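Okay, structure first, notes after.
Side chains are part of it too, since the values below use all heavy atoms of this structure and drop only hydrogens, waters and symmetry mates. What you see is a predicted model, and the numbers here were worked out from it, not measured in a lab.
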Amino acid sequence: MTGVVALRDPETTLPRMLRERARTHPDRLALREKKLGIWQGYTWDHYLRTARRVALGLLSLGLRRGDVIAIAGENTPEWLYADLGAQMIGVRVTGIYPTNPWPELRYIADHCKAKVAITGDQEQTDKVIDALANEDGLPHLLRFFCVDMKGMRSYAHPMLGSFEDLLELGDNYARSRPEAEAELDAMIDAGKPDDIAIIVYTSGTTGNPKGALLSHRNIIYATVAYAEMSGIEAGRLETVSYLPLCHVAERCYGPVMHLCMLGVINFAESIGTVAANVREIAPTYMLGVPRIWEKLQSGFVFRVEDSGPIRRGVYEWAMRRGRALSDRRIANRGRQSSGDRVMRRFLHWLVFRNMQRFMGLQRTTVRMCGGASISPETLRFFDIIGLPVAQGYGQTESAGLAFVQKDISYFRPNSSGSAFPGTEWRIARDGEIFLRSPGVFEGYLFNEAATRDTVDDDGWLATGDIVERLEGDEIAVVDRKKSIIITSGGKNIAPSKIENALKDSPYIKEAIVVGEGRKFLGAIIQIEFDDVGRWARDRDIAYTTFASLAALPQTRDLIQGVVDQVNARFARVENIRRFALLTRELDHDDGELTATQKVRRGIIEQKFREELDFIYRDAAA
């Protein structure tokens, strides 16, 4: 697009990038949110001015370089105003998942010594109030400000204010100090690329989360390298923001890429409206965790199954032909005959174009799956309908991605792509991958021992992930090193590939493969309530609750059929001999899932003792 350039300077900072965007494109649309059913837009100039008001407000409260603020709330423009405003004055920012219960919020806010908290609504504000009132409270917190004050008219906590109050503090500070604006610009100019910008707390699958310190250089490198490898064009980026901004992937490939590539961020109304909002916006870039891509697929498949026989027949025929075309692209490494190209265009206009429009993805040029491993069949579905989804590899400690698939002209289910330019990597004898790049983090907050265990003196990051080298310098992730199961017979088994195969089924939401020190593998399975419920209703099978549905013998037979199909795809030693069905859904509040919905494997033995006893009751360990 004429006059639009990507900002790639490795020696800059995020606040300086924002200031540059507002200087060169002040009236260009930057952010959009939906209010009262209507999309409201905000320019780059508005973005900068509001962030500056936040910065001045924080200065008026006494915050200085090196201090920390915490943000707990859904994705809104105010999240970004607070984020960039704090960074302008050298204040570090940590995000807290909106799903975190108050004890986890208290742990993070206390651990990072947050002086100010920004909350999204009444629910998040209540958590801060609970955290202040319980255990040791939040001794470092000075004030907290809420974006949406609905339902809080009677709140009289002395430390609470609205987000507008914070902005007014900034306005008053500027009025009382004529030099305030110039001083703020000097602070922005004084920021260095190696200054810590954000603190991202890891998911904590085996203990309390650790605060990973990420600098401006870390974040900008990981973002620009990804954008360039993926072919994202400056000025043509439009996204829907719905994944939590406290997650490193959404932070880098949402607001940071937005700064680098001059895009537009549209904030989803809620997680429940993502599908509708994506259809309304039709973004050009889509980042999704596996669950999002799985829901997009299953939602459409069930819609087709509920349709008439003619439409269903056309869909099934098109998917068979599309799979055959995909098979030939795989065999020929992306090359297509002229006949295949004609058939692919025909299928697009007949069926797949409408599928893409139904999902709102018809304008996407880049689609990315991150955050966890995904079922190959889900990826194959999108490849067939002409929306190939790239995979990548990285972690919080590498500032997001370090590898990504550059060529998605043909389907490679296990590949996580090749390394970013500037990223070095090597594989140890046990299969663990080590990384060294400008994206490698600066260490863990207040935890030098963990930092030394993770990054050596030469800058190599020990990822804890087992990978395999593929052709063309691509890699395939096998599993977390600490997740490998060793059976009593001494076999090393990566559970995630079996779990993902089980979750290929629309009837299984979560699967936990067990068998450490045992004679055989078992699985603890959580059914997908909506899809199994629909299956039961179609067969006039009565149930009332999740527990009653899971307890039905017909449900067990349904899942047994899925397990049998998966077992046929694996070696005998990797077969699931017995499984237990959970009678309730796994819950973050009960400590079974992390904020990113990963199973806390460290609690399997104590939390699921009854299920383990069922699986292994007739077998000696």
Under the criterion side-chain contact (heavy atoms from CB on, under 4.5 Å), which of R380, M359, H348 is the partner of I385?
-> M359
Answer yes or no on whether R556 is positioned over the face of F579, meaning its NZ or CZ is under 6.0 Å from the six-membered ring centre and within 45° of the axis.
-> yes
Got Q40 and I38 here, is their nearest side-chain heavy-atom distance under 4.5 Å?
-> yes
Cationic N near anionic O, under 4.0 Å, D531 to R534 | yes
Under 3.5 Å, side chain of R279 to main-chain N/O of R357, donor-acceptor pair present?
-> no
With no hydrogens and no angle check, do the side chains of D473 and S418 hold a donor and an acceptor under 3.5 Å apart?
-> no
Is the closest side-chain donor-acceptor distance between Q297 and T378 under 3.5 Å?
-> yes
Taking all atoms of both residues into account, what is the closest heavy-atom pair of P244 and N75, and its distance?
-> CA-OD1, 3.9 Å
Sub-4.5 Å side-chain heavy-atom contact between F352 and R344 = no
Heavy-atom pair with the smallest gap, counting every atom of E33 and P77 | OE1-CD, 3.4 Å
Begin from the C-alpha positions of Y253 and H247 and carry the test ring-ring contact (aromatic ring centres under 6.0 Å, His included) through to its verdict.
-> CA-CA 10 Å; Y253 310 122; H247 192 285; 9.8 Å; no
Aromatic ring centroids of F403 and W425 under 6.0 Å?
-> yes
Backbone of A276 reached by a side-chain donor or acceptor of T273 within 3.5 Å = no
Would one find more than 12 heavy atoms of other residues, nucleotides or ligands at under 6.0 Å from atom CZ of R572?
-> no
Is the backbone of Q526 close enough, under 3.5 Å, to the side chain of E585 for a donor and an acceptor to pair up by distance?
-> no
Of all heavy-atom pairs linking V240 and N277, the shortest is CG2-O, 4.4 Å
State, to 0.1 Å, how close M261 and A227 come at their nearest heavy-atom pair, and which atoms those are.
-> SD-CB, 4.0 Å
Does some side-chain heavy atom of M286 sit less than 4.5 Å from a side-chain heavy atom of I292?
-> yes
Taken in chain and number order and not counting sequence neighbours, the residues that satisfy side chain to side chain donor-acceptor pair (under 3.5 Å) with T284 are none
S241 and E250: side chain donor to acceptor below 3.5 Å | yes
Only one of L259, V256, V248 forms a side-chain contact (heavy atoms from CB on, under 4.5 Å) with I219, so which one is it?
-> V256
Would you check if L558 and Q554 make a side-chain contact, meaning some heavy-atom pair closer than 4.5 Å?
-> no
Lys/Arg N to Asp/Glu carboxylate O, E510 vs K503, below 4.0 Å = yes
Heavy-atom distance under 4.5 Å between the side chains of V264 and I281, does that happen here?
-> no
Minimal non-hydrogen separation, P421 against Y221, with atom names = O-OH, 2.7 Å
Are any side-chain N or O atoms of D383 and backbone N or O atoms of L379, one a donor and one an acceptor, separated by less than 3.5 Å?
-> no
Answer with yes or no whether the side chains of D407 and S409 bring together a donor and an acceptor at under 3.5 Å.
-> yes
Is the shortest side-chain N to carboxylate O distance from R412 to E471 below 4.0 Å?
-> no
